[in-house]
Amino acid sequence: MKSKSWSKIILSLLVVSLVFLAAGCSNSSKTNGVKKIQNRGTLIVGTSADFAPFEFPIVQNGQKKIVGYDILLAQKIAKNLGVKLKIENVEFSSLISELKDQKIDMILSGLSITKQRKKSISFSEPYYTTKNVLLVRKADKNKYSSISQLAKKSIGVQQGSTQQAVATKKLKKSDLVVESVVTSLATELKDNKLDGVLVESGVAEGYVSKYPDQYAIASVKMPIEKESQSYSAGIAKNNQALVKRVNQVISKLKQNGTNKKMLDQAKQLQKKYSK
Ligand code: ARG
(Lines give C-alpha, C1' and ligand atoms only; values in the text may rest on other atoms or scores of the structure.)
Protein backbone atom coordinates (compact mmCIF):
# COMPACT_ATOMS: atom_id res chain seq x y z
CA MET A 1 0.00 0.00 0.00
CA LYS A 2 1.14 3.49 -0.78
CA SER A 3 1.98 5.79 2.07
CA LYS A 4 -0.77 8.17 0.89
CA SER A 5 -3.52 5.61 1.56
CA TRP A 6 -1.94 4.73 4.92
CA SER A 7 -2.14 8.32 5.98
CA LYS A 8 -5.77 8.39 4.85
CA ILE A 9 -6.57 5.38 7.04
CA ILE A 10 -4.78 6.84 10.03
CA LEU A 11 -6.53 10.13 9.54
CA SER A 12 -9.98 8.54 9.41
CA LEU A 13 -9.20 6.43 12.49
CA LEU A 14 -8.22 9.61 14.27
CA VAL A 15 -11.42 11.35 13.26
CA VAL A 16 -13.51 8.38 14.39
CA SER A 17 -11.84 8.21 17.79
CA LEU A 18 -12.18 11.97 18.27
CA VAL A 19 -15.90 11.74 17.57
CA PHE A 20 -16.23 8.96 20.14
CA LEU A 21 -14.26 10.95 22.66
CA ALA A 22 -16.41 14.05 22.18
CA ALA A 23 -19.60 12.02 22.48
CA GLY A 24 -18.29 10.40 25.65
CA CYS A 25 -17.49 13.77 27.21
CA SER A 26 -20.81 15.40 26.51
CA ASN A 27 -22.57 12.30 27.75
CA SER A 28 -20.76 12.24 31.04
CA SER A 29 -21.44 15.93 31.65
CA LYS A 30 -25.11 15.09 31.10
CA THR A 31 -25.31 12.21 33.49
CA ASN A 32 -22.86 13.52 36.05
CA GLY A 33 -24.64 16.72 37.01
CA VAL A 34 -25.55 15.07 40.31
CA LYS A 35 -22.12 13.47 40.73
CA LYS A 36 -20.47 16.84 40.27
CA ILE A 37 -22.48 18.22 43.19
CA GLN A 38 -21.74 15.13 45.27
CA ASN A 39 -18.02 15.39 44.59
CA ARG A 40 -18.10 19.02 45.65
CA GLY A 41 -20.10 17.99 48.73
CA THR A 42 -22.36 21.03 48.56
CA LEU A 43 -25.55 21.91 46.71
CA ILE A 44 -25.60 25.59 45.79
CA VAL A 45 -29.11 27.02 45.60
CA GLY A 46 -29.85 30.55 44.41
CA THR A 47 -32.79 32.49 45.79
CA SER A 48 -34.03 36.05 46.10
CA ALA A 49 -34.78 36.39 49.80
CA ASP A 50 -37.46 39.06 49.58
CA PHE A 51 -40.41 36.72 49.29
CA ALA A 52 -41.86 35.46 52.57
CA PRO A 53 -42.98 32.81 53.35
CA PHE A 54 -40.93 31.25 50.53
CA GLU A 55 -37.56 32.90 51.21
CA PHE A 56 -36.77 35.66 53.67
CA PRO A 57 -34.10 36.68 56.16
CA ILE A 58 -34.63 36.37 59.89
CA VAL A 59 -32.56 37.01 62.98
CA GLN A 60 -32.81 34.05 65.33
CA ASN A 61 -30.73 33.89 68.51
CA GLY A 62 -28.72 36.84 67.24
CA GLN A 63 -27.93 35.07 63.98
CA LYS A 64 -29.02 36.20 60.56
CA LYS A 65 -30.18 33.49 58.19
CA ILE A 66 -32.39 32.87 55.20
CA VAL A 67 -35.39 30.65 55.83
CA GLY A 68 -38.70 29.77 54.21
CA TYR A 69 -40.55 27.09 52.29
CA ASP A 70 -38.03 27.03 49.44
CA ILE A 71 -35.17 26.71 51.91
CA LEU A 72 -36.86 23.75 53.60
CA LEU A 73 -37.26 22.21 50.16
CA ALA A 74 -33.60 22.91 49.40
CA GLN A 75 -32.64 21.13 52.63
CA LYS A 76 -34.65 18.06 51.65
CA ILE A 77 -32.99 17.97 48.22
CA ALA A 78 -29.51 18.36 49.71
CA LYS A 79 -30.28 15.55 52.13
CA ASN A 80 -31.46 13.32 49.30
CA LEU A 81 -28.17 13.96 47.50
CA GLY A 82 -26.19 13.44 50.70
CA VAL A 83 -24.54 16.87 50.55
CA LYS A 84 -24.42 20.14 52.47
CA LEU A 85 -26.51 23.12 51.42
CA LYS A 86 -25.34 26.58 50.52
CA ILE A 87 -27.87 29.35 49.89
CA GLU A 88 -26.85 32.23 47.65
CA ASN A 89 -28.99 35.33 47.95
CA VAL A 90 -29.21 36.77 44.44
CA GLU A 91 -31.40 39.50 42.93
CA PHE A 92 -34.39 37.80 41.34
CA SER A 93 -33.68 39.14 37.85
CA SER A 94 -30.14 37.66 37.90
CA LEU A 95 -31.02 34.13 39.02
CA ILE A 96 -31.40 32.60 35.56
CA SER A 97 -28.08 33.97 34.28
CA GLU A 98 -26.35 32.78 37.48
CA LEU A 99 -27.73 29.31 36.76
CA LYS A 100 -26.61 29.40 33.14
CA ASP A 101 -23.15 30.58 34.23
CA GLN A 102 -23.02 27.58 36.63
CA LYS A 103 -22.59 29.83 39.67
CA ILE A 104 -25.53 28.01 41.26
CA ASP A 105 -26.85 24.46 40.76
CA MET A 106 -30.50 25.30 41.15
CA ILE A 107 -33.00 28.12 41.59
CA LEU A 108 -35.56 27.81 44.37
CA SER A 109 -37.22 31.19 44.51
CA GLY A 110 -40.94 30.93 43.90
CA LEU A 111 -39.89 30.58 40.28
CA SER A 112 -42.79 30.22 37.87
CA ILE A 113 -42.66 28.06 34.79
CA THR A 114 -42.90 30.16 31.60
CA LYS A 115 -42.45 29.36 27.92
CA GLN A 116 -39.77 32.00 27.66
CA ARG A 117 -37.74 30.60 30.58
CA LYS A 118 -38.18 27.05 29.28
CA LYS A 119 -36.08 28.04 26.28
CA SER A 120 -33.04 28.52 28.46
CA ILE A 121 -33.49 26.37 31.59
CA SER A 122 -35.24 23.19 32.73
CA PHE A 123 -37.95 23.01 35.36
CA SER A 124 -38.77 20.35 37.91
CA GLU A 125 -42.31 19.19 38.55
CA PRO A 126 -44.34 22.02 40.11
CA TYR A 127 -44.51 22.12 43.91
CA TYR A 128 -46.86 25.03 44.57
CA THR A 129 -49.74 26.78 42.79
CA THR A 130 -50.57 30.43 43.16
CA LYS A 131 -52.35 33.41 41.63
CA ASN A 132 -51.73 37.13 41.24
CA VAL A 133 -53.32 39.71 43.51
CA LEU A 134 -53.00 43.42 44.05
CA LEU A 135 -51.63 44.30 47.46
CA VAL A 136 -53.01 47.68 48.55
CA ARG A 137 -53.29 49.84 51.66
CA LYS A 138 -56.09 48.66 53.90
CA ALA A 139 -58.35 51.61 53.09
CA ASP A 140 -58.22 50.77 49.37
CA LYS A 141 -59.41 47.19 49.67
CA ASN A 142 -62.62 47.76 47.70
CA LYS A 143 -61.57 50.83 45.76
CA TYR A 144 -61.30 49.20 42.33
CA SER A 145 -63.81 47.07 40.50
CA SER A 146 -61.88 46.60 37.27
CA ILE A 147 -58.24 46.76 36.23
CA SER A 148 -58.98 49.67 33.89
CA GLN A 149 -59.25 51.84 37.01
CA LEU A 150 -55.56 51.20 37.66
CA ALA A 151 -54.52 53.13 34.55
CA LYS A 152 -53.61 56.29 36.45
CA LYS A 153 -52.37 54.56 39.60
CA SER A 154 -48.79 53.80 40.42
CA ILE A 155 -48.39 50.05 40.45
CA GLY A 156 -45.21 48.25 41.46
CA VAL A 157 -43.80 44.92 40.24
CA GLN A 158 -40.58 42.99 40.78
CA GLN A 159 -38.00 43.22 38.04
CA GLY A 160 -37.83 40.13 35.86
CA SER A 161 -40.93 38.58 37.42
CA THR A 162 -43.96 37.14 35.67
CA GLN A 163 -45.88 39.99 37.31
CA GLN A 164 -43.82 42.47 35.35
CA ALA A 165 -44.62 40.55 32.17
CA VAL A 166 -48.35 40.26 32.76
CA ALA A 167 -48.68 43.87 33.97
CA THR A 168 -46.88 45.13 30.88
CA LYS A 169 -49.16 43.09 28.67
CA LYS A 170 -52.53 43.36 30.38
CA LEU A 171 -52.45 46.57 32.42
CA LYS A 172 -50.74 48.40 29.55
CA LYS A 173 -49.21 50.93 31.88
CA SER A 174 -46.38 53.07 30.60
CA ASP A 175 -45.43 54.07 34.12
CA LEU A 176 -45.15 50.68 35.81
CA VAL A 177 -42.81 50.91 38.80
CA VAL A 178 -40.22 48.14 38.40
CA GLU A 179 -37.94 47.38 41.33
CA SER A 180 -35.48 44.67 42.23
CA VAL A 181 -36.96 43.53 45.55
CA VAL A 182 -40.54 42.94 46.67
CA THR A 183 -39.88 44.13 50.23
CA SER A 184 -39.15 47.70 49.12
CA LEU A 185 -42.29 47.74 46.98
CA ALA A 186 -44.33 46.82 50.05
CA THR A 187 -42.67 49.56 52.11
CA GLU A 188 -43.34 52.14 49.42
CA LEU A 189 -46.98 51.08 49.29
CA LYS A 190 -47.30 51.58 53.03
CA ASP A 191 -45.62 55.00 52.72
CA ASN A 192 -48.07 56.15 50.03
CA LYS A 193 -45.45 56.16 47.29
CA LEU A 194 -47.26 53.40 45.42
CA ASP A 195 -50.96 52.59 45.09
CA GLY A 196 -50.59 48.86 44.65
CA VAL A 197 -48.13 46.01 44.26
CA LEU A 198 -48.87 43.20 41.83
CA VAL A 199 -47.59 40.11 43.61
CA GLU A 200 -48.52 36.49 44.25
CA SER A 201 -51.26 35.64 46.74
CA GLY A 202 -49.10 33.71 49.21
CA VAL A 203 -46.75 36.65 49.59
CA ALA A 204 -49.52 39.25 49.78
CA GLU A 205 -51.31 37.19 52.45
CA GLY A 206 -48.11 37.26 54.48
CA TYR A 207 -48.12 41.06 54.57
CA VAL A 208 -51.81 41.19 55.42
CA SER A 209 -51.55 38.69 58.25
CA LYS A 210 -48.46 40.36 59.69
CA TYR A 211 -49.71 43.94 59.32
CA PRO A 212 -53.51 43.71 59.19
CA ASP A 213 -53.92 47.44 59.90
CA GLN A 214 -51.75 48.45 56.98
CA TYR A 215 -52.32 46.11 54.07
CA ALA A 216 -55.18 44.36 52.31
CA ILE A 217 -55.66 42.30 49.18
CA ALA A 218 -57.72 44.32 46.69
CA SER A 219 -61.03 42.79 45.70
CA VAL A 220 -60.31 43.46 42.01
CA LYS A 221 -59.25 40.33 40.12
CA MET A 222 -55.76 40.44 38.66
CA PRO A 223 -54.62 38.72 35.47
CA ILE A 224 -52.16 35.81 35.40
CA GLU A 225 -50.76 33.71 32.55
CA LYS A 226 -51.94 30.17 33.12
CA GLU A 227 -48.54 28.49 32.83
CA SER A 228 -46.95 30.83 35.38
CA GLN A 229 -49.21 29.73 38.23
CA SER A 230 -46.82 26.98 39.34
CA TYR A 231 -43.56 27.22 41.20
CA SER A 232 -40.79 24.84 40.15
CA ALA A 233 -37.11 24.40 40.74
CA GLY A 234 -35.06 25.89 37.92
CA ILE A 235 -32.20 23.64 36.80
CA ALA A 236 -29.59 23.88 34.03
CA LYS A 237 -30.65 22.27 30.76
CA ASN A 238 -27.70 19.89 30.79
CA ASN A 239 -28.48 18.59 34.27
CA GLN A 240 -31.41 16.24 33.72
CA ALA A 241 -30.00 13.95 36.41
CA LEU A 242 -30.70 16.67 38.98
CA VAL A 243 -34.17 17.29 37.56
CA LYS A 244 -34.94 13.61 38.15
CA ARG A 245 -33.71 13.66 41.74
CA VAL A 246 -35.61 16.85 42.54
CA ASN A 247 -38.79 15.38 41.05
CA GLN A 248 -38.42 12.35 43.30
CA VAL A 249 -38.15 14.58 46.36
CA ILE A 250 -41.09 16.77 45.31
CA SER A 251 -43.45 13.89 44.56
CA LYS A 252 -42.66 12.31 47.92
CA LEU A 253 -43.35 15.58 49.76
CA LYS A 254 -46.67 15.96 47.93
CA GLN A 255 -47.69 12.36 48.61
CA ASN A 256 -47.06 12.32 52.34
CA GLY A 257 -48.31 15.85 52.97
CA THR A 258 -44.96 17.15 54.18
CA ASN A 259 -45.20 20.08 51.75
CA LYS A 260 -48.17 21.47 53.70
CA LYS A 261 -46.27 21.13 56.97
CA MET A 262 -43.30 22.91 55.43
CA LEU A 263 -45.49 25.83 54.43
CA ASP A 264 -46.95 26.07 57.95
CA GLN A 265 -43.48 25.95 59.42
CA ALA A 266 -42.33 28.76 57.11
CA LYS A 267 -45.35 30.89 58.01
CA GLN A 268 -44.63 30.39 61.72
CA LEU A 269 -41.08 31.64 61.23
CA GLN A 270 -42.38 34.61 59.28
CA LYS A 271 -44.78 35.56 62.08
CA LYS A 272 -42.21 35.13 64.78
CA TYR A 273 -38.94 36.41 63.38
CA SER A 274 -39.27 38.44 60.21
CA LYS A 275 -39.43 42.23 60.39
N1 ARG B 1 -43.34 33.71 40.50
C2 ARG B 1 -42.82 34.92 39.97
C3 ARG B 1 -41.82 34.64 38.87
O4 ARG B 1 -41.36 33.53 38.74
C5 ARG B 1 -42.19 35.80 41.03
C6 ARG B 1 -41.17 35.12 41.86
C7 ARG B 1 -40.42 36.07 42.75
N8 ARG B 1 -39.57 35.39 43.66
C9 ARG B 1 -38.82 35.97 44.60
N10 ARG B 1 -38.14 35.23 45.41
N11 ARG B 1 -38.81 37.27 44.71
O12 ARG B 1 -41.44 35.49 38.13
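Note that the structure is a prediction, hence the values are computed from the model and not measured. Just so you know, ligand 1 is whichever comes first in the structure, and atom 1 is the first atom listed for that ligand.
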Have D50 and Q158 got a donor and an acceptor in their side chains that come within less than 3.5 Å?
-> yes

Listed by chain and number, what are the side chain to side chain contact (heavy atoms under 4.5 Å, CB included) partners of K271, not counting sequence neighbours?
-> none

How about K173: does its NZ atom have over 12 heavy atoms from other parts shown lying under 6.0 Å from it?
-> yes

Compute the shortest N/O to N/O distance between F92 and ligand 1 and return yes if it is under 3.5 Å, no if not.
-> no

Any atoms of ligand 1 less than 4.0 Å from a non-hydrogen atom of Q163? List them with their elements.
-> 2 (C), 5 (C)

Name the closest protein heavy atom to atom 6 (C) of ligand 1, giving the residue it belongs to and the distance to 0.1 Å.
-> G110 O, 3.3 Å

Would you please indicate yes or no on a ring centroid separation below 6.0 angstrom for Y127 and Y69?
-> yes

Qualifying residue, where the test is salt bridge (charged side-chain N to carboxylate O under 4.0 Å, His left out) with D195 and the options are K152, R137, K143, K190 | R137

Going by the ring-ring contact (aromatic ring centres under 6.0 Å, His included) test, which pairs reach into residues 213-269, not counting sequence neighbours?
-> F54-Y231, Y128-Y231, Y207-Y215

Quick one: which of S228, S124, S232 gives a side-chain contact (heavy atoms from CB on, under 4.5 Å) with I113?
-> S232

List the closest protein heavy-atom neighbour of atom 9 (C) of ligand 1: residue, atom name, distance to the nearest 0.1 Å.
-> F51 CG, 3.3 Å

Looking only at protein heavy atoms, what sits closest to atom 8 (N) of ligand 1 is S109 O, 2.8 Å

So which protein heavy atom does atom 7 (C) of ligand 1 come closest to, and at what separation?
-> Q158 OE1, 3.3 Å

Should you measure from each heavy atom of S161, which atoms of ligand 1 turn up under 4.0 Å away?
-> 12 (O)

Give yes if a backbone or side-chain nitrogen or oxygen of D50 is under 3.5 Å from a nitrogen or oxygen of ligand 1, and no if not.
-> yes

Please step through side-chain hydrogen bond (donor to acceptor under 3.5 Å, both in side chains) for the pair K131 and Q229, ending with a clear verdict.
-> CA-CA 6 Å; K131 60 179 199 259; Q229 287 177 327; over 6 Å; no

Taking non-hydrogen atoms only, is R117 closer than 4.0 angstrom to ligand 1 via side chain, backbone, both or neither?
-> side chain

Would one find an N or O of Y231, backbone or side chain, under 3.5 Å from an N or O of ligand 1?
-> no

Could you list the atoms of ligand 1 found under 4.0 angstrom from a heavy atom of L111?
-> 4 (O)

Ligand 1 contacted by Q164 (non-hydrogen, < 4.0 Å) = no

